[in-house]
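Any value given below was found using the heavy atoms of this structure, including those in side chains, with hydrogens, waters and symmetry copies removed. One-based numbering, in listed order, for ligands and for the atoms of each.
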Amino acid sequence: MNVIFLGPPGAGKGTHAQKISQEFSIPQISTGDILRQAIKDGTEVGLKAKEYMDAGKLVPDSVVIAIAEQRLKADDCKKGYILDGFPRTVAQAEALDKIADIDFVVDIDVDDEVIVKRLSGRRVCPDCQTVYHVDFEGYSPICAKCGGNVIQRKDDNEDTIRERLSVYAQQTAPLIDYYKKAGKLIVVDGAKPVSEVFADVKKAFEA
Ligand code: ADP
Ligand code: AMP
């Protein structure tokens, strides 16, 4: 099963992709995680991507499409995968259509003001990419999964969050229509608690 998680930054794509990945034993492919790793490793791609990411802009299509094309060739994608944060432009979606057969697209829908609150309190483990929120019960700055020290992402500050929301509205939201026309879109209300959103996402998966 090949699935795309669509939705604004902070909608819960990563949170639910991680859970689905575990339960269905298919990889979560996050272009954001791949780019952050490239920055850490100091690669050419990382050097190109950093200024865009820090400013809340999209990394150029050519760079991101090449990353996705390469990742989707890996053996672990043969049983299926969840694309988290890719595609983010119509050009990326068209490139993906040439190399993949997408079964359906889950659009996690959440209002902007909820997102600003969610992303301001988001913390992530830089070692295993587990996602947390400071308001969650039992939140600890030590990753419950791997013991790493969780961090706040550089782009999770209010100004950059608002820029990312505006970029989403202009460049990514047109994909909702793109996949609706293709008959692949399933919309899930992302404002509910994680357990309820997860149940709705799973229903979409099992349909
Ligand atoms: P995305 O991958 O779409 O950018 P994340 O999965 O990283 O979003 O979630 C953003 C923040 O919101 C994280 O701190 C996460 O713990 C929190 N979060 C995700 N889903 C929910 C939800 N349904 N209710 C409350 N907080 C949530
Ligand atoms: P994310 O981890 O999905 O929130 O992505 C973080 C940042 O990485 C984005 O704000 C972009 O700068 C960049 N990025 C991730 N995925 C893409 C993509 N598909 N197209 C362009 N830029 C991307």
Asker: Do you know which two heavy atoms are closest between S120 and R123, and how far apart they sit?
Answerer: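 Looking at all heavy atoms of both residues, the shortest contact is O-NH1, 3.4 Å.
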
Asker: Among the heavy atoms of G7, does any lie under 4.0 Å from an atom of ligand 1?
Answerer: no

Asker: Looking at V63 and V45, what are the two nearest heavy atoms and their distance?
Answerer: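 Closest pair (atom of V63, atom of V45, distance): CG1-CG1, 4.0 Å.
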
Asker: What are the atoms of ligand 2, with element, lying closer than 4.0 Å to any heavy atom of G32?
Answerer: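 What qualifies from ligand 2 is 2 (O), 5 (O), 15 (C), 16 (N).
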
Asker: Mind checking whether L119 has an N or O less than 3.5 Å away from an N or O of ligand 1?
Answerer: no

Asker: State, yes or no, whether a side-chain contact exists between I82 and I29 at a heavy-atom distance under 4.5 Å.
Answerer: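 No, too far: nothing below the 4.5 Å cut-off.
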
Asker: Below the 3.5 angstrom mark, is there an N/O of H16, backbone or side chain, next to an N/O of ligand 1?
Answerer: no

Asker: For atom 8 (O) of ligand 2, what is the closest protein heavy atom, and at what distance to 0.1 Å?
Answerer: M53 CE, 3.3 Å

Asker: Provide the closest heavy-atom pair for D156 versus I161 in the form atom of the first, atom of the second, distance.
Answerer: C-CD1, 3.8 Å

Asker: Can you list the ligand 2 atoms lying under 4.0 Å from a non-hydrogen atom of R36?
Answerer: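 Per the distance check, 2 (O), 6 (C).
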
Asker: Closest approach of L119 and G10, non-hydrogen atoms and distance?
Answerer: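 Closest approach of L119 to G10: CD2-CA, 3.5 Å.
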
Asker: Can you report which non-hydrogen protein atom sits closest to atom 14 (O) of ligand 1, along with the distance?
Answerer: Y132 O, 2.8 Å

Asker: Looking only at side-chain N and O atoms, does T160 offer a donor or acceptor that is under 3.5 Å from a partner on D155?
Answerer: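 D155 vs T160: no donor-acceptor pair found between side chains.
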
Asker: Could you tell me which atoms of ligand 1, counted from 1 in the order shown, lie closer than 4.0 angstrom to a heavy atom of P193?
Answerer: 23 (N)

Asker: I need the atoms of ligand 1 closer than 4.0 Å to a non-hydrogen atom of G190, numbered in the order shown.
Answerer: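 Those atoms are 23 (N).
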
Asker: Heavy-atom contacts with K13 under 4.0 Å: which atoms of ligand 1 show up? List them by number with element.
Answerer: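 The atoms of ligand 1 under 4.0 Å from a heavy atom of K13 are 1 (P), 2 (O), 3 (O), 4 (O), 6 (O), 8 (O).
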
Asker: Under 4.0 Å from any heavy atom of T31, which atoms of ligand 2 are there?
Answerer: 15 (C), 16 (N), 17 (C), 19 (N)

Asker: Can you check whether R122 has an N/O within less than 3.5 Å of an N/O in ligand 1?
Answerer: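 There is such a contact, yes.
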
Asker: What residue and atom, counting heavy atoms only, is the protein's closest point to atom 14 (N) of ligand 2, and at what distance?
Answerer: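 The closest heavy atom on the protein side is L35 CD1, 3.6 Å.
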
Asker: Within the 4.5 Å heavy-atom criterion, are L83 and V105 side-chain neighbours or not?
Answerer: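 A side-chain contact is absent here, since even the closest heavy-atom pair is not under 4.5 Å.
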
Asker: Could you see which bit of L58 sits under 4.0 Å from ligand 2, with heavy atoms only: side chain, backbone, both or neither?
Answerer: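 Both backbone and side chain.
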
Asker: Starting from atom 18 (C) of ligand 2, which protein heavy atom do you reach first, and at what distance in Å?
Answerer: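 Answer, as residue, atom name and distance: R88 CD, 3.4 Å.
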
Asker: Output the list of atoms in ligand 1 that are nearer than 4.0 Å to some heavy atom of K192, sorted by atom number.
Answerer: 22 (C), 23 (N), 24 (N)

Asker: Numbering the atoms of ligand 1 from 1, which are under 4.0 Å from a heavy atom of P9?
Answerer: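 Contacts of ligand 1 toward P9, numbered from 1: 4 (O).
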
Asker: Could you tell me whether K57 atom NZ has more than 12 heavy atoms of other residues or ligands within 6.0 Å of it?
Answerer: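 Count not over threshold, so no.
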
Asker: Looking only at distance, does V131 have an N or O less than 3.5 Å from an N or O of ligand 1?
Answerer: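 Between V131 and ligand 1, no N or O pair is found under 3.5 Å apart.
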
Asker: Among all the protein's non-hydrogen atoms, which is closest to atom 20 (N) of ligand 2, and how far away is it?
Answerer: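 I find the closest protein heavy atom is Q92 NE2, 2.9 Å.
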
Asker: Starting from atom 11 (C) of ligand 2, find the nearest protein heavy-atom neighbour and note its residue, name and distance.
Answerer: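 I find the closest protein heavy atom is K57 O, 3.5 Å.
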
Asker: Measuring from non-hydrogen atoms of F136 to any atom of ligand 1, is the shortest distance under 4.0 Å?
Answerer: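 In this structure, F136 qualifies as a contact of ligand 1 - some heavy atom is under 4.0 Å.
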
Asker: Could you find the nearest protein heavy atom to atom 4 (O) of ligand 2 and give me its residue, atom name and distance?
Answerer: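 Residue, atom and distance for the closest contact: R153 NH2, 2.9 Å.
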
Asker: Any luck finding a side-chain donor-acceptor pair between Q37 and D33 under 3.5 Å?
Answerer: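 Per modelled atom types, Q37 and D33 side chains form no pair under 3.5 Å.
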
Asker: Identify, for atom 22 (C) of ligand 1, the protein heavy atom at the shortest distance, and state residue, atom and that distance.
Answerer: R118 NH2, 3.2 Å

Asker: Just need the protein heavy atom nearest to atom 4 (O) of ligand 1, so name the residue and atom and give the distance.
Answerer: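 Its nearest protein heavy-atom neighbour is G10 N, 2.8 Å.
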
Asker: Between D97 and Y178, do the side chains contain an N or O donor and an N or O acceptor separated by less than 3.5 Å?
Answerer: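 Yes, side-chain donor-acceptor contact under 3.5 Å.
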
Asker: Give the residue and atom name of whichever protein heavy atom lies nearest to atom 8 (O) of ligand 1, and the separation in Å to one decimal.
Answerer: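 Looking at atom 8 (O) of ligand 1, the protein heavy atom closest to it is G12 N, 3.2 Å.
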
Asker: Does an N or O from R122, backbone or side chain, lie closer than 3.5 Å to an N or O of ligand 2?
Answerer: no

Asker: Checking a contact table here: which protein heavy atom is nearest atom 22 (N) of ligand 2, and how many Å away?
Answerer: V59 N, 3.0 Å

Asker: Does an N or O from D84, backbone or side chain, lie closer than 3.5 Å to an N or O of ligand 1?
Answerer: no

Asker: Would you mind listing which atoms of ligand 1 come within a distance below 4.0 Å of any non-hydrogen atom of T15?
Answerer: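 In order of number, 5 (P), 6 (O), 9 (O), 15 (C), 19 (C).
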
Asker: Give a yes-or-no answer on whether the side chains of D84 and Q28 include a donor-acceptor pair shorter than 3.5 Å.
Answerer: yes

Asker: C146 and D127: which non-hydrogen atoms are nearest, and at how many Å?
Answerer: SG-CB, 4.0 Å

Asker: Please determine if G14 has a nitrogen or oxygen closer than 3.5 Å to a nitrogen or oxygen of ligand 1.
Answerer: yes

Asker: Taking only heavy atoms of V197, which atoms of ligand 1 are found under 4.0 Å from at least one of them?
Answerer: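 Result: 23 (N).
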
Asker: Specify the closest pair of heavy atoms between H16 and V194, including all atoms of both residues, with the distance to one decimal.
Answerer: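 Looks like NE2-O, 3.4 Å.
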
